[in-house]
Amino acid sequence: MIARVVVDVSIDREFDYSIPENLLDMVKPGCRVRVPFGRKKTCGYVMDLVKESAHSRLRDIEEMVNDSPMLDKTLLSMARWMARYYCATLSQAVRVMVPAPVRLKKFKQKRYVSLTDKGEEATRASGAQGLSEKQRKVISSLRDTEGMFLDVLLKETGTTESPVKSLLSKGLVRITRETSERSPLSGKRVIPVKPHCLMSEQSEALSLINRTFDSISGKSGSLGKQSGKGGVVLLHGVTGSGKTEVYIQAIDYVLGKGNGAIVLVPEISLTPQTVERFVGRFGDRVAVLHSHLSDGERHDEWHRINRGDAEIVVGARSAVFAPVRNLGIIIVDEEHEPSYKQEDAPRYNARDVAVMRASLCGCAVVLGSATPSMESWNNARAGKYASAHLTKRVDDRKMPVIRVVDMRMEKGRRGATGVFSGILLEAMARRLERGEQTILFLNRRGFSTSLVCHKCGYVAKCRQCSVSCVYHRDEGVMRCHICGDVQKVPDKCPGCGDPGFKFSGTGTQRVEAIIKKCFPRAVVQRMDTDMTSRKGSYNSILGDFRAGKTDILIGTQMIAKGLHFPNVTLVGVVYADLSLHMPDFRASERTFQLLAQVAGRAGRGEVSGEVIVQTYTPFHYSVQMARRVDFDGFCDQEIEFRKELSYPPFSHLICVTVSARSDDKALFYCSSLRADLIKKVSSKVIVSDPAPAPIKKIRGKYRYQIMIRSVAMKGVADALMECVRVYGRRKDVDVAVDVDAMSLM
């Protein structure tokens, strides 16, 4: 037999290797193997087994890296689809499916201490004679267990290794090497939770999901032909309507049929609260996968899933590739979120990959959101997806009252600070008096967005990118939020020497400083990527807020969705226009979604909630529709604009970015690539002229973009890959292809 192997090198082809006799029974599709490649040795994945090869002289596979396949047939098929659809190499598509700690590390083995038969006898009073106090303490700790790892034993007994070694020499204990599994849930107490009684709309939604699963379970291939809806259910429910409980009961139904489940959440900040809900219901059948786990935790959780020890996986976008056995359902919570889009090749969208994986393995998909993406909404309207609606909050709780404050009218009013309106400050004061909590939302971290000289107009900019640096007062530095470059804050203007440098713009740090001055007795906490870089910081900040230790929580988009805090009765949106004026056709959609989602954090308990939205464009339809919680009204208005300009969901949007150290070179190759591409695609495909990227320079490279709009990807992807192979081989030029682009920045 011959193995077709894709090696861990960014070459878009498979290589044939012969299988030596001693490995014939072990090499299977999906296995990771070590092979000779040129003058070196490298690892790769077996994609297929064939009987013949077009090449006469084949080299042998040298060894197996893992005993069992790491990818099943469905994931291998999906890797081929991802490579073609997202214009990436096959090795990139395969590599993204297996976490780096799993690819690069083996199980860590630690010393494990247990009692021998002689040691068991020594646990009796007479047998313990002649032992020191520390040795008796070790014997006592081991008496009621099968054994424990040495580091745990030493910590429990408060001793060193010396007493253990003495017991080993006396034949009272044995020390072996055992695998130590690291769990992200170890040491965390989760309270068991019983199923909740569903409201009528929830029951109808659950029934639809279960019927969808029943119609396709045990089948594979084209789900559209089997269920008529592609096996996909769009669960459109207002914030606080109990979508998570519907997910849980749907998974419970699927588990009862012998199948597993994957639950995707968009932000790591949502994972702890979501995990608690699922672990409380399903216990150790739940595994967690996201990038903030340690390498050891990710390694062990993945292998636990691969062995079948965990049937439910909760995690961020890469969890869509989890090797769950007998996969029956995939839940994509907050399916509209742009964080489901991978920024590096292959630039996949986990939501779309979930739908494709379901079509390959024959399982159901639930896309849940209070503000579905235009693509999912249009698919449901066209009948491609089934849909269920939750129009009421749990226990018929009222939706929060949303008030829009025109900040143009607030300037100069008494009580206004320039950042906060008097209305918002008064509302916060009332919450503090009543012992209720407040969330303030601003999707911009740092203290000030720039340092500006009002005398000569100089702005402190990044040395590598065409953006201004953001002032971080806590660190006392200027930081670029694109490349991470750090600069010292100058004492005087580098342009004219004037010492009167001014801070311009507002970030979460500045909001925090103002709030602490306005309400000195309030406990204020900030939650953004600057505050959550340490492991466990998410749990700590949210835990304090849930326990009522924090009065006011200030944060970026990581606090805008999915979180459930019953004592939050006020949400303030500090600057609603921030996303509205971005150079992106999705700006209105993003603004509507953010406002609706962050507003949904208020009034989730017994006390009704209030939302105050500060804006300089109060009459924009995205702001007004969010105020009225009118999703259909927003979509009706937005869809006409999209249709007129052939933007998604009426086309696939592909962004091709060409970058180089030289401005002229980047423009030249971008223009050449466009000319070649036009020759290869249909005249119906819209290919824009090269234009500078909204952020023209990043990390010292100039960037130009081509926008492609096509009703179908067939033909366009192949043509793009040909162009990428030609232009991407140049050492001084980079070509990035983003299919179904979520951001044009």
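- Distance check, rounded to the nearest 0.5 Å: CE of Met399 to OG1 of Thr391 gives 10.5 Å.
- In this structure, Phe641 and Tyr647 have tilted ring planes: the angle between them lies in the 30° to 60° band.
- Side-chain contact check for Val405 versus Leu424: every heavy-atom pair is 4.5 Å or farther apart.
- Here the straight-line distance linking atom CD of Glu337 with atom CD of Gln597 works out to 6.5 Å at 0.5 Å rounding.
- By the 6.0 Å contact criterion, CE on Met582 is open, its count of non-hydrogen atoms from other residues, nucleotides or ligands being 12 or less.
- When every heavy atom of Ser579 is checked against every heavy atom of Ala587, the shortest pair comes out as O-CB, 3.4 Å.
- Closest heavy-atom contact between Pro400 and Glu610: CB-N, 4.2 Å.
- Tyr247 pairs in a side chain to side chain donor-acceptor pair (under 3.5 Å) with only one of the listed residues (Thr274, Asp252, Asp333), which is Asp333.
- Using a 4.5 Å heavy-atom cutoff, the side chains of Leu234 and Asn379 are not in contact.
- Inter-residue side-chain proximity for Val353 and Phe321 is flagged as met; some heavy-atom pair is nearer than 4.5 Å.
- Side chain of Glu334 to backbone of Val265: no donor-acceptor contact under 3.5 angstrom is found.
- For Gln614 (side chain) and Phe420 (main-chain N/O), no donor-acceptor pair under 3.5 Å exists by modelled atom type.
- Looking at every heavy atom in both residues, Pro648 comes nearest to Glu375 through CB-OE2, 3.5 Å.
- Thr239 is linked by a side chain to side chain donor-acceptor pair (under 3.5 Å) to Arg393, counting only residues two or more places apart in sequence or in another chain.
- Smallest separation of non-hydrogen atoms from Asp584 and Ser743: OD2-CA, 3.8 Å.
- We find the OG-CD distance between Ser622 and Glu589 to be 10.5 Å, quoted to the nearest 0.5 Å.
- In the model, Arg351 has a side-chain atom that pairs as donor or acceptor with a side-chain atom of Ser373 under 3.5 Å.
- A salt bridge links Arg277 with Glu245: at least one charged nitrogen is closer than 4.0 Å to a carboxylate oxygen.
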Would you check, one step at a time, whether the test side chain to side chain contact (heavy atoms under 4.5 Å, CB included) holds for Ile330 with Cys363? CA-CA 8 Å; Ile330 304 175; Cys363 77; 4.1 Å; yes
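- In this structure, the side-chain contact (heavy atoms from CB on, under 4.5 Å) partners of Ile695, at least two apart in sequence or on a different chain, are Ser466, Val467, Ile482, Ile698, Arg703, Met745.
- Contact check for Pro338 versus Arg590: side-chain heavy atoms found under the 4.5 Å cut-off.
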Give the intermediate values and the outcome of side chain to side chain contact (heavy atoms under 4.5 Å, CB included) for residues Thr615 and His620. CA-CA 10 Å; Thr615 175; His620 192 279; over 6 Å; no
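- Results of the side chain to side chain donor-acceptor pair (under 3.5 Å) test with Ser376 over His336, His236, Lys384, Glu335 single out Glu335 as the only residue that passes.
- Not a single donor-acceptor pair under 3.5 Å links the side chain of Gln637 to the backbone N or O of Tyr621.
- When all heavy atoms of Ala205 and Leu390 are compared, the closest pair comes out as CB-CD2, 4.3 Å.
- Within the 4.5 Å cutoff, no side-chain heavy atoms of Asp551 are placed close to those of Phe519.
- Lys643 contributes atom NZ, which lies 5.5 Å from atom CZ of Phe650 (distance to the nearest 0.5 angstrom).
- Side-chain atoms of Asp577 and Thr617 include a donor-acceptor pair closer than 3.5 Å.
- A donor-acceptor pair is defined here as one N or O able to donate and one able to accept, closer than 3.5 Å; no such pair exists between the side chain of Glu311 and the backbone of Gly260.
- Proximity of Leu570 to Met428: side-chain heavy atoms (C-beta onward) are separated by under 4.5 Å at one or more points.
- Inter-residue side-chain proximity for Leu255 and Phe282 is flagged as met; some heavy-atom pair is nearer than 4.5 Å.
- We find that Asp406 and Arg408 are joined by a salt bridge, their nearest charged nitrogen and carboxylate oxygen being less than 4.0 Å apart.
- The 12-atom threshold is not exceeded at CZ of Arg521, counting heavy atoms of other residues, nucleotides or ligands nearer than 6.0 Å.
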- Message: Show, in sequence, the C-alpha distance, side-chain angles and deciding distance for Asp740 and Met742, and conclude whether the side chain to side chain contact (heavy atoms under 4.5 Å, CB included) test is met.
- Response: CA-CA 6 Å; Asp740 296 332; Met742 294 293 288; over 6 Å; no
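- For the residue pair Val320 and Leu264, the shortest heavy atom distance occurs at N-CD2, 3.6 Å.
- Between the OG1 atom of Thr371 and the CE atom of Met625 there is a distance of 15.0 Å, given to the nearest 0.5 Å.
- Not counting sequence neighbours, the partners of Lys341 by the side chain to side chain donor-acceptor pair (under 3.5 Å) test are Asp738.
- With values rounded to the nearest 0.5 angstrom, Leu208 atom CG is found 12.5 Å from Ser203 atom OG.
- Within the 4.5 Å cutoff, the side chain of Leu553 has heavy atoms near those of the Ile541 side chain.
- Contacts classified as salt bridge (charged side-chain N to carboxylate O under 4.0 Å, His left out) and involving residues 618-638 (residues at least two apart or in different chains) are given here: Glu638-Arg642.
- Phe565 pairs by the ring-ring contact (aromatic ring centres under 6.0 Å, His included) definition with Phe545, not counting sequence neighbours.
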Might you work through the side chain to side chain contact (heavy atoms under 4.5 Å, CB included) test for Phe619 and Val404, ending with a clear yes or no? CA-CA 9 Å; Phe619 301 110; Val404 176; over 6 Å; no
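- A side chain to side chain contact (heavy atoms under 4.5 Å, CB included) with Thr212 holds for exactly one of Val365, Val233, Ile329; it is Val233.
- There is a side-chain donor-acceptor pair under 3.5 Å between Ser207 and Arg211.
- The side chain to side chain donor-acceptor pair (under 3.5 Å) search around Gln342 returns Arg317, not counting sequence neighbours.
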